[in-house]
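Structure first, commentary second.
We name chains A, B, ... by the order of the sequence lines, and we start the count at 1 in each one. Keep in mind that the numbers below use all heavy atoms, side chains included, and drop hydrogens, waters and symmetry copies.
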Number of protein chains: 4
Amino acid sequence: MSDDRLTRAADRTQAIMRSTLELAQEVGYAKLSIEGVAARTGVGKHTIYRRWPSKGALFLDAVLTSNEPGLDYPDTGDIVVDLRQQIHAAVDLLGQPPLGPLYQALVGEAQHDPLVAAALNERFIRPQADRTVARLRKAQQQGQLSPEFDLDVAMAILSGPLYFKLLITQEPLTHEYVERVLNVLLAGMTPRP
Amino acid sequence: MSDDRLTRAADRTQAIMRSTLELAQEVGYAKLSIEGVAARTGVGKHTIYRRWPSKGALFLDAVLTSNEPGLDYPDTGDIVVDLRQQIHAAVDLLGQPPLGPLYQALVGEAQHDPLVAAALNERFIRPQADRTVARLRKAQQQGQLSPEFDLDVAMAILSGPLYFKLLITQEPLTHEYVERVLNVLLAGMTPRP
Amino acid sequence: MSDDRLTRAADRTQAIMRSTLELAQEVGYAKLSIEGVAARTGVGKHTIYRRWPSKGALFLDAVLTSNEPGLDYPDTGDIVVDLRQQIHAAVDLLGQPPLGPLYQALVGEAQHDPLVAAALNERFIRPQADRTVARLRKAQQQGQLSPEFDLDVAMAILSGPLYFKLLITQEPLTHEYVERVLNVLLAGMTPRP
Amino acid sequence: MSDDRLTRAADRTQAIMRSTLELAQEVGYAKLSIEGVAARTGVGKHTIYRRWPSKGALFLDAVLTSNEPGLDYPDTGDIVVDLRQQIHAAVDLLGQPPLGPLYQALVGEAQHDPLVAAALNERFIRPQADRTVARLRKAQQQGQLSPEFDLDVAMAILSGPLYFKLLITQEPLTHEYVERVLNVLLAGMTPRP
DNA sequence: TCCTAATCGAGACGGTACGTCACGTCTTGCG
DNA sequence: CGCAAGACGTGACGTACCGTCTCGATTAGGA
């Protein structure tokens, strides 16, 4: 079968990504090396370079693939319930191991490597943002939000403080914190009589 | 004189930081190397290692020193005016060269190097945040903000979306954008009758 | 026909050897690679490995095959005339491109690879030496050489200085040079009264 | 002292050459690698590349240095005695381990690398040849050789057959063989009445 | 005419070594 | 004595070939 080859190749691809995550968790992204990943996976370096152009690209793929399908969005009909649930899910996912530190390193790498930045946006950030804005828009159309409310900014206010804690102050990301953010946002969000 | 020696040392320190910024701007932080800085400055590597423990520490020092005293805070008495002025100053400073890309790289490095993260927080992030919260608190005491308003979160909502644009989506940071953020924040901020 | 397959195979064999010589002349033996020959010929690597065990063996085959039947020996009846003609033919063949540099590289490879050394001896060196000694012996039997003359050494004196120039001093191989060698040899070769 | 550094450097240089010879004798020149030499010597690869531009140059240096001062020339006053002694010394040196195989590989490498060829000539071949020709010339001036005898060719006839055995037929180099060569040469060398 | 077997191109694969770069440590000698 | 200069051991880079391997496609020649 033709699938044999593809299967073999896919197996190797996944094995490499698995080792990458393991190594990254053990020694940290800074000390991660393609040489090390190759050795740990029992694979030639070329086999890695054939698939990814750089350590950053490999790491991005490994991190994002490990977290398919990402953060799915609920839709209970009540925008407040949905936002709350979603933001708490984000904290659970990104605020602690295993994904938290990996994702933090990934965003860090994106600051040095435009390819990683672009891929990260396309594969994770933008879809997530789009889903959030779409959900907000629906609520707005249903009258749950005032018509002139700035949806893009609302999304940024949901995400930004979270990244601020994760990347800038690097304090633990808590449910209590995002709850407070949500409360402030809701104060400006609800339609006034 | 003893001052001579100190002066000489300080001169060298500044020369090294100057070369660091130049090199970083020319080749990018990722390709910056202590070896390169030493060569460009006409200085032995030891002279750099005597002053900074790592490339990250040197870069942090260079970036922050180049921007003393940072973002000063106005106090006109009107919190809205002050916040607006401050946030636009931040956009002017971080949203474009020369500081923008350097600062972006610096935050990136902080994700990989805890020492850089700590120093960045202590020397830049926390003082800035503290000033903002202090200004907000004063306004709250003057009755310009509702008493139960969450000041820490307000600060995070002012900063977070800015970092979100700078680090995550990496789109240009515009005055129009922060203005919209501010508007949403103000909607939840002003005291209700 | 069964010949078809053999013919096709032989065609491929020859195409590979042709590319080998071309590549060797273009980039030199040191940078010759089986990978390169395969690519240039439009052939899988396996097809080469199926025929030759190593780069050296392939190169040997290519060089020697390109020069079938080698140096034929004249027999005019006069040993001096014959030796002179033969040695000048050798200079014409080995002292200049295309064969000169290739042959030089071939002997070089023989120093590192016993298989090449053995094959080179069997297919080129020994036959050539045998023909020379045979011709000398015939001359000796005809009284043109003194009976106690050392034929093997005579052959080595005809060949040795030539290789000395080709491999050791690597100066151009001239007709004038071999003529002088021949003269010295003849001085000790001719029967004394 | 300034000698300290030079001494340290020279020590390393010699240690590297020593390992090179050891490794070459163990695994053969073809499998010799700079990586291997570095590992065996306990030295960084760069420390080798700083001193020699290629494996061939290192090997040449190692082989020739190990054999300083090479083949010294006797001068008893009798050219026949001197030539005989010299040629037998050459057989003792090059015809057997340890130097024989190393020297053979060295000449082999010279066929692929012009730098090695040039250095080999300058440091070993030409001086040796010059000494031989000088000794012959002196004998000629003393009337031990006929005035029109071709000294350069005589030198080539002493060396050539020796290299022919060493490099081409690769049979053992024996004293008996060079003795026969010498005899033939002497036959054409001695002045005729 | 179809089938079986061999051969082929293409190129993935685990390796080894290449030659380069920068790391952080060290030593030396000049000013 | 502090410094430039740069050698040093280390380890990773990204590349090139090695020789082995699997895959379909393209043949032949026998059923």
Side-chain angles (χ1 to χ4, degrees), chain A residues 1-9 11-13 16 31-39 41-55, chain B residues 4-6 8-9 12 30-39 41-55, chain C residues 1-9 11-12 16 31-39 41-55, chain D residues 1-9 11-13 31-39 41-55:
Chain A
M1 287 259 291
S2 155
D3 286 354
D4 277 16
R5 194 181 50 188
L6 293 181
T7 300
R8 236 186 297 276
D11 283 357
R12 244 176 278 253
T13 300
I16 292 166
K31 292 191 181 171
L32 188 67
S33 73
I34 290 193
E35 199 120 5
V37 173
T41 322
V43 131
K45 284 199 284 177
H46 203 53
T47 302
I48 297 182
Y49 281 111
R50 204 177 291 123
R51 289 167 165 76
W52 298 277
S54 68
K55 163 179 150 179
Chain B
D4 278 15
R5 200 179 53 202
L6 292 180
R8 229 190 301 279
R12 241 178 279 259
K31 292 190 181 172
L32 187 69
S33 72
I34 291 194
E35 201 118 4
V37 172
T41 321
V43 129
K45 286 197 288 175
H46 219 58
T47 303
I48 298 183
Y49 281 111
R50 205 176 291 124
R51 289 165 166 78
W52 296 276
S54 69
K55 162 179 151 180
Chain C
M1 289 254 295
S2 155
D3 286 353
D4 276 14
R5 198 179 52 201
L6 292 181
T7 299
R8 228 187 301 277
D11 283 357
R12 243 177 276 257
I16 293 167
K31 292 190 181 171
L32 187 67
S33 73
I34 289 193
E35 201 118 5
V37 172
T41 321
V43 130
K45 288 200 285 175
H46 220 59
T47 304
I48 297 183
Y49 281 110
R50 206 176 291 124
R51 289 165 166 78
W52 297 277
S54 69
K55 162 179 150 180
Chain D
M1 290 256 292
S2 153
D3 288 352
D4 277 17
R5 193 181 52 189
L6 294 180
T7 299
R8 235 185 297 276
D11 283 357
R12 244 177 277 254
T13 301
K31 292 192 181 170
L32 187 69
S33 73
I34 289 192
E35 199 119 7
V37 173
T41 322
V43 130
K45 283 199 283 177
H46 204 53
T47 301
I48 298 182
Y49 282 111
R50 204 177 290 124
R51 290 166 165 75
W52 298 276
S54 68
K55 164 179 150 179

Any luck finding a side-chain donor-acceptor pair between Thr13(A) and Arg51(A) under 3.5 Å? yes
Sequence neighbours excluded, which residues qualify as salt bridge (Lys or Arg N to Asp or Glu O under 4.0 Å) partners of Lys55(D)? none
Walk along nucleotides 13-20 of chain E from 5' to 3' and tag each nucleotide B, S or - by protein heavy-atom contact under 4.0 Å, base first, then sugar-phosphate. BB--SBBB
Nearest heavy-atom approach of Ile48(C) to Val37(C) is CD1-CG1, 3.8 Å
Applying side-chain hydrogen bond (donor to acceptor under 3.5 Å, both in side chains), name anything that partners Thr41(A), two or more places apart in sequence or on another chain.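 Partners of Thr41(A) under the side-chain hydrogen bond (donor to acceptor under 3.5 Å, both in side chains) test: Ser19(A).
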